[in-house]
Amino acid sequence: MTLAAHTSHEPTDLDEELTSERAHLESSRAALRRMRERAEALFATGDTVAGDSYTAEQLGRHMARRVKELADDPTTPLFFGRLDFGAATERRHGGDVEADDEVVGVYHVGRRHVTDELGEPMVLDWRAPVSRAFYRASARDPQGVAVRRRFGFSTGVLTSFEDEHLDRGEELGTTSRILTAEIERPRVGPMRDIVATIQPEQDELVRADLADSICVQGAPGTGKTAVGLHRAAFLLYLHRERLNRSGVLIVGPNRAFLSYIAAVLPALGEVEVEQSTVEDLVTRVPVRAVEDPATATLKHDVRMAELLRRALEAHIGEPTEPIMVSDGSFRWRIGLEPLHRVIEETRREGLPYGVGRERVRARVVSLLQRQSEARRAESPSDAWLRRMAKSRPVTEFLDTAWPAVTPEGLVHTLLADPAALASAADGLLTEAEQAQLLWRKPARTAKATKWTAADAVLVDEAAGLIERPAGFGHVVIDEAQDLSPMQCRAIARRSEHGSITLLGDLAQGTAPWAATDWRETLAHLGKPDAVVVPLTIGFRVPAAVVALANRLLPALAVNVPPAESLRRDGGLDVRTVPDLTEATVAEVRAALAHDGSVGVIAADDTVAGLRSALAEAGIETTTADDVAATVRVTVVPATLVKGLEYDHVVVVEPAAIVAAEPRGLHRLYVVLTRAVSRLAVLHHDPLPAALAG
């Protein structure tokens, strides 16, 4: 195996090779710059070459996106690997072989496709079919690759390379120094992509077909979030036109987490992916109130979906009298029997309620149209059809048999009217549960109501029953173990005709309704047949830290395999201290002597005091949602740390974190697994028994 990280100053073949690779990097950057300049020129002159204003607008949007996609970050290498194909080999697209498309020669693999002025590739996109061999080829199955080369970089400067001669049976695997250095590299600020370090089992998930929905049960440090984001990027590459129309949605647990991951997809050239929390998806009503956890938990119960369906169904009535419509000198009559038939046919079609109302209107007008055509021997005009649809007899019939209902009004009536709730809840909810749901002092109207976050989910469910919501072509859902059944249904409505990538860890479930079985969650998401894939081998969290956190697993009552780590470095320090604040300040000072980020994690009500103490000691800190900050020390409430990571983590008083909420041990499991280099656990009170054991 060839290593070019030597320190000799005498010219060698390796030095010449390194110089050649650096020259290729510079040439590639120049080529990328030309591609961007060409896109900028087209953007600037698009209105003069387009044939009309609509085409000009579409071209402008396309070129603006293209300019963003071609942005170059000089601190990030354009390529991270190289493939030298020996004998000609066939290229594979999915499972199909293109027999006439043979791969020969040398290809650099990077974050995006870069071509020279003649259109010849200088860097292949990591998502291209040929690039798959960079992640999948092995000494056992070289896939036509003679040599796989990895590059080492420092702030964008190519410093070394490492060769594996797969045709000779040489393979480094996870002992690769460059691979290990990239995985363990200290980081400050937002999450980065992992295109240089994707492992074969991760690549299998990243390149799954668009039609496939998958669930990744990922232990801490296994890269499940990165897998989901890179799968989104891969699908956008492979199905660009389709997904640009339908869209890709990333759903995260909170805005701090979304801020943390926001830079990953743009770094891969994907700039038009929507990111949202579940709370931000369900925004039909403003959230201005808080309710007790027990009531919120009941409102998140899946039975509420059936409750709302029944309440809405109850609005549909039976026709009680014929319709008589005056039309100039004519009078048209529709009897009770055909009106009953219209209502029953529309019911059976299972349409959204609002669509059903318009379908009933259209069918009634169609009956009137037939009578008019029979008498007048000609088809009525569109204006006549519109007039009939809005005529008073037709409107009065609709308002009686299929009245208009708003989502807010439906939920308001249910939670404000005991009789309406009792009728819909018969055999579904107990009397005690009904009493718990009812508002003590309901507002007179839906508009005046002070809605809670759980109410907003119910209103969104009602909206889904009434209207046909727009959906996404693919949805990535991270930290999905904390989704309630009703939140799952909100996401399902937005991915009914698309696929999903579900990411989570049942051991990290901290919500009152946290999942204990992925099959139930997948059923609520409308994807019951999705495959569940476990990721248990971690590359980020040191083994000593994983072993400490794994002590908690028996107490968490979830059936997940314990995490394993390939990292034998890192540090762990668990100690009793007389003064938590003083010890925290000292520990942060010590952590700052190392490279990388520092996260201080504590019970929510102690965070402000710790920030003040650190400030008094002259240590600048920031908050978890301020990813643009270059400050190295972040003080994070335990409830907001899910999905985040820091090189050095200081956990302050585990007992207080556990005592702060019913699923405190699950929260502590999350907190302990945020460290990717060193973990210090400071406590004054005794450690929780499950951890101390």
Can you list the steps and then say if Leu535 with Ile537 is a side chain to side chain contact (heavy atoms under 4.5 Å, CB included)?
-> CA-CA 6 Å; Leu535 288 180; Ile537 305 300; over 6 Å; no

Please lay out, stage by stage, how Met122 and Ser27 fare under the test side chain to side chain contact (heavy atoms under 4.5 Å, CB included).
-> CA-CA 8 Å; Met122 300 186 71; Ser27 299; 3.6 Å; yes

Going through the checks in order, is the side chain to side chain contact (heavy atoms under 4.5 Å, CB included) test met by Ile500 and Phe472?
-> CA-CA 10 Å; Ile500 65 170; Phe472 290 85; over 6 Å; no

Go through the steps for Tyr237 and Leu268 under the test side chain to side chain contact (heavy atoms under 4.5 Å, CB included), then give the verdict.
-> CA-CA 10 Å; Tyr237 174 86; Leu268 300 175; over 6 Å; no

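Pairs passing the salt bridge (Lys or Arg N to Asp or Glu O under 4.0 Å) check and including a residue from residues 529-539, sequence neighbours excluded, do not occur. Within the structure, the ring pair (Phe, Tyr, Trp, His ring centres under 6.0 Å) test picks out the following pairs touching residues 112-134 (sequence neighbours left out): Phe80-Phe134, Trp126-His230.
Using modelled atom types and a 3.5 Å distance limit, the side chains of Arg678 and His648 yield a donor-acceptor pair. Under 3.5 Å, the side chains of Arg632 and Ser597 contain no donor-acceptor pair of N or O atoms. With no hydrogens or angles considered, no side-chain donor-acceptor pair links Glu272 and Asn244 at under 3.5 Å. Side-chain atoms of Thr510 and Asp482 include a donor-acceptor pair closer than 3.5 Å. Side chains of His474 and Ser499: a donor-acceptor N/O pair is present below 3.5 angstrom, by distance only.
Gln202 contributes a side-chain N or O that, together with a main-chain N or O of Gln199, makes up a donor-acceptor pair within less than 3.5 Å. No donor-acceptor pair under 3.5 Å is formed between the side chain of Arg674 and the backbone N or O of Val649. Checked by atom type and distance alone, the side chain of Glu479 never pairs as donor or acceptor with a backbone atom of Lys642 at under 3.5 Å. Put simply, the side chain of Ser138 gets close to the backbone of Asp141: a donor and an acceptor are under 3.5 Å apart. Formation of a donor-acceptor pair under 3.5 Å by the Arg567 side chain with backbone atoms of Val676 is found in this model. Proximity of a side-chain donor or acceptor of Glu162 to a complementary backbone N or O of Arg150 within less than 3.5 Å is not detected. Counting only distance, with no hydrogens or angles, the side chain of Arg551 and the backbone of Leu691 share a donor-acceptor pair below 3.5 Å. Using a distance-only test at 3.5 Å, with no hydrogens or angles considered, a donor-acceptor pair links the side chain of Thr159 to the main chain of Gly152.
The closest side-chain heavy-atom distance from Tyr646 to Val636 is below 4.5 Å. Residues Asp647 and Asp595 have side chains not in contact (no heavy-atom distance under 4.5 Å, counting atoms from C-beta outward). The side-chain heavy atoms of Leu32 and Glu37, taken from C-beta on, include no pair separated by under 4.5 Å. The shortest side-chain heavy-atom distance between Ile250 and Val273 falls under the 4.5 Å cut-off. Between Ile261 and Thr225 the shortest side-chain heavy-atom distance falls below 4.5 Å. Contact check for Leu235 versus Leu243: side-chain heavy atoms found under the 4.5 Å cut-off. Inter-residue side-chain proximity for Cys215 and Lys527 is flagged as unmet; no heavy-atom pair is nearer than 4.5 Å. Looking only at side-chain heavy atoms (C-beta outward), Leu672 and Leu552 come within less than 4.5 Å of each other.
Remark: Asn559 CG is loosely packed, at most 12 non-hydrogen atoms of other residues, nucleotides or ligands lying under 6.0 Å away.
Leu258 and Gln275 make their closest contact through O-OE1, 3.4 Å (heavy atoms, listed as atom of the first residue, atom of the second, distance). In this structure, Ala675 and Val541 approach most closely via the heavy-atom pair O-CG1, 3.4 Å. Closest non-hydrogen pair, Glu117 versus Arg34, comes out as CG-NE, 3.3 Å.
Asp125 has no carboxylate O lying under 4.0 Å from a charged side-chain N of Arg112, or vice versa, which leaves the two without a salt bridge. Here Asp203 pairs with Arg136 in a salt bridge; the nearest charged N to carboxylate O distance falls below 4.0 Å.
At least one test fails for Arg127 against the ring of Phe234: distance under 6.0 Å to the centre or angle within 45° of the axis.
Screening Val641, Asp505, Ile601 for a side chain to side chain contact (heavy atoms under 4.5 Å, CB included) involving Val670 leaves a single residue, Val641.
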